[in-house]
Q: 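Following this message is one structure expressed as structure tokens.
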Amino acid sequence: QVQLVESGGGSVQAGESLRVSCVISGYTYERRCMAWFRQAPGKKREGVAAFFTADSSTYYAYFAKGRFTISQDNAKNTTSLQMSNLKPEDTAMYYCAAAYFHNACVLLEEAKFDHWGQGIQVTVSS
């Protein structure tokens, strides 16, 4: 039974920072792609950032580069997304996801991921 549990969501004002974290348990392989997606009301789910544990490579959506940083704490099986200079358009449900293949990290497409967290709300007000 694989479970992904997110934490750290909430409401902030534009320009502020927020850190969301994801703890994975019950996963057979340590080699994996960990990623964050987000979905705003009426919009499709989109990839935000990904981290491949085998080589610590990172991948970012264009809008996330320079503001968001994904990191991994192997001891705690935790993947975090540090979001800085948040903007109202960052408001969305944020989902943690996991996949085995490196290709999932590269493509950052939801269909490539096997396991998902429940999602947490991030709201940025102006």
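What you see is a predicted model; the values in this text were computed from it and never measured.
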Q: Quick check for you: to the nearest 0.5 Å, what is the distance between Gln82 atom CD and Phe68 atom CZ?
A: 10.0 Å
Q: Within a strict 4.5 Å, meaning less than it, do heavy atoms of the Leu4 and Val23 side chains meet?
A: no
Q: Drop me the distance from Gln39's CD to Met93's CE, to the nearest 0.5 angstrom.
A: 9.0 Å
Q: Could you tell me which non-hydrogen atom of Ala49 sits nearest to which non-hydrogen atom of Leu81, and how far apart they are?
A: CB-CD1, 4.0 Å
Q: Would you name the heavy atoms of Leu18 and Gly10 that are closest together and state the gap between them?
A: CD2-N, 4.0 Å
Q: Taking Thr79 for its side chain and Cys22 for its backbone only, find out whether a donor-acceptor pair lies under 3.5 Å.
A: no
Q: Do Arg19 and Ser21 make a side-chain contact, defined as non-hydrogen atoms from C-beta onward lying under 4.5 Å apart?
A: yes
Q: When you compare the side chain of Tyr100 with that of Phe113, does any pair of heavy atoms fall below 4.5 Å?
A: no
Q: How close do Tyr94 and Asp90 get, counting heavy atoms only, and between which atoms?
A: OH-O, 2.7 Å
Q: Between Phe63 and Arg38, is there a cation-pi geometry (under 6.0 Å to ring centre, at most 45° from the normal)?
A: yes
Q: In Å, rounded to the nearest 0.5 Å, how long is the span from CH2 of Trp36 to OG of Ser80?
A: 7.5 Å
Q: What are the two closest non-hydrogen atoms of Ile70 and Tyr60, and how far apart are they?
A: N-OH, 2.9 Å
Q: Here's one to test your reading of the geometry: is the NZ or CZ of Arg45 within 45 degrees of the ring axis of Tyr95 and under 6.0 Å from its centre?
A: yes
Q: Are Gln3 and His115 side-chain neighbours, meaning at least one heavy-atom pair lies under 4.5 Å?
A: no
Q: On a heavy-atom basis, which atom in Gly47 and which in Ala61 lie closest, and how many Å separate them?
A: O-CB, 3.3 Å
Q: Is any side-chain heavy atom of Thr91 closer than 4.5 Å to one of Val122?
A: no
Q: Are the side chains of Leu108 and Glu46 in touch, meaning some heavy atoms are under 4.5 Å apart?
A: no
Q: Distance check, rounded to the nearest 0.5 Å: Cys105 atom SG versus Phe51 atom CZ?
A: 9.0 Å
Q: Which atom names give the shortest non-hydrogen contact between Ala104 and Lys112, and what distance separates them?
A: CB-CB, 3.8 Å
Q: For Asp73, does its backbone N or O pair with a side-chain atom of Thr78 as donor and acceptor, under 3.5 Å?
A: no
Q: So, Phe37 versus Trp116, ring centres under 6.0 angstrom or not?
A: yes
Q: Does the gap between the ring centers of His102 and Tyr59 come in under 6.0 Å?
A: yes
Q: If you measure from CG on Asn77 to CE on Met34, what distance do you get to the nearest 0.5 Å?
A: 8.5 Å
Q: I need the Thr58 OG1 to Lys65 NZ distance, nearest 0.5 Å.
A: 7.0 Å
Q: Please check: side-chain N/O of Glu6 versus main-chain N/O of Ile120, any donor-acceptor pairing under 3.5 Å?
A: no
Q: Has Phe101 got more than 12 heavy atoms of other residues, nucleotides or ligands less than 6.0 Å from its CZ?
A: no
Q: Could you give me the CA-CA distance, side-chain angles and deciding distance for Val124 and Glu89, then say whether side-chain contact (heavy atoms from CB on, under 4.5 Å) is met?
A: CA-CA 8 Å; Val124 184; Glu89 52 262 44; over 6 Å; no
Q: Step by step, would you call Glu16 with Leu86 a side-chain contact (heavy atoms from CB on, under 4.5 Å)?
A: CA-CA 6 Å; Glu16 295 182 341; Leu86 284 163; 5.7 Å; no
